[in-house]
Amino acid sequence: MAAQQSQGIQTLLEAEKEAAKIVQQARQYRVQKLKDARAEASKEIEEYKKAKEEEFKAFEASHAGTTSTTQAALDKDTDIKLQEIDEIFTKKKTDVVNTLLSRATLVQPELHRNLKKPNA
């Protein structure tokens, strides 16, 4: 009976070693699958980034002409308005100077409103 017990113990030890090997292989398999999944995800992310970058560049290129033409039109309008302001200034400069001079030299002395006149 002792031989059977030692043989049973030996069988259990071998089964335990085999189970440990299977568990180790499963862990290695899991780790490898995680690495593969991360690599695949990184690859997909890079492809997505490239696609979106190309999409953005295409959008930017299609709208760049619109921006430059709009800027040119705004610059032209600004120049026209500045010329109009200069013309108005030139036309009205002498009138404004004369009005200011006439008002500055026109003095009418009067008593201050808070000063009370003595009753005479």
Side-chain angles (χ1 to χ4, degrees):
M1 190 137 132
Q4 276 185 339
Q5 281 184 343
S6 68
Q7 188 179 11
I9 291 173
Q10 189 66 27
T11 305
L12 284 174
L13 288 173
E14 287 175 10
E16 187 178 339
K17 285 180 184 178
E18 186 66 28
K21 284 181 186 178
I22 291 172
V23 169
Q24 183 63 27
Q25 287 175 349
R27 285 183 182 149
Q28 288 176 349
Y29 179 77
R30 188 188 84 199
V31 168
Q32 187 62 39
K33 283 294 184 182
L34 282 173
K35 285 181 183 178
D36 292 345
R38 283 188 184 127
E40 184 67 26
S42 294
K43 185 178 177 183
E44 287 179 15
I45 288 170
E46 286 302 316
E47 289 174 1
Y48 184 74
K49 280 183 182 179
K50 285 180 185 178
K52 285 298 177 181
E53 186 67 30
E54 289 174 6
E55 185 180 320
F56 174 72
K57 285 182 181 179
F59 176 81
E60 192 175 45
S62 69
H63 289 80
T66 313
T67 304
S68 63
T69 55
T70 304
Q71 184 64 39
L74 287 174
D75 288 342
K76 186 178 178 182
D77 288 344
T78 303
D79 289 339
I80 291 171
K81 289 188 183 202
L82 285 173
Q83 287 176 355
E84 290 174 2
I85 290 171
D86 285 339
E87 289 173 7
I88 292 170
F89 170 74
T90 305
K91 288 179 185 176
K92 298 196 176 199
K93 176 173 66 171
T94 55
D95 291 339
V96 171
V97 170
N98 289 335
T99 303
L100 287 173
L101 285 175
S102 69
R103 295 290 180 184
T105 57
L106 179 66
V107 178
Q108 295 177 352
E110 15 177 277
L111 294 174
H112 193 272
R113 65 179 181 213
N114 290 336
L115 181 66
K116 293 184 179 180
K117 294 182 185 176
N119 291 339

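Only this structure's heavy atoms are used, side chains among them; waters, hydrogens and symmetry mates stay out.
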| said: Quick check: closest heavy atoms across Val107 and Ala104, and the distance to 0.1 Å? | reply: CG2-O, 4.2 Å

| Interatomic distance, Ile80 atom CD1 to Ile85 atom CD1 [nearest 0.5 angstrom] | 12.5 Å

| query | How about Glu14 and Glu18: do any of their side-chain heavy atoms sit closer than 4.5 Å? | reply | no

| query | Should Glu84 and Lys81 count as an ion pair when the cut-off is N to O under 4.0 Å? | reply | no

| note | Hits for side chain to side chain contact (heavy atoms under 4.5 Å, CB included) against Ile88, two or more places apart or cross-chain, chain-then-number order -> Lys92

| request: Would you check if there is a donor-acceptor pair between the side chains of Asp79 and Gln83 at a distance under 3.5 Å? | output: no

| task | Report yes if the side chains of Val31 and Gln28 come closer than 4.5 Å at any heavy-atom pair, otherwise no. | result | no

| said: The criterion is side chain to side chain contact (heavy atoms under 4.5 Å, CB included); which residues satisfy it with Leu111, sequence neighbours excluded? | reply: Leu115, Lys117

| message | Counting neighbours of CD on Glu47 that are heavy atoms of other residues, nucleotides or ligands and sit closer than 6.0 Å, is the number greater than 12? | response | yes

| query | For Glu40, what residues pass the salt bridge (charged side-chain N to carboxylate O under 4.0 Å, His left out) criterion, not counting sequence neighbours? | reply | none

| note | OG1 (Thr70) and CG (Asp75) are apart, to the nearest 0.5 Å, by 11.0 Å

| task | Going by the side-chain contact (heavy atoms from CB on, under 4.5 Å) test, name the single residue among Glu53, Lys52, Glu46 that passes it with Lys49. | result | Glu46

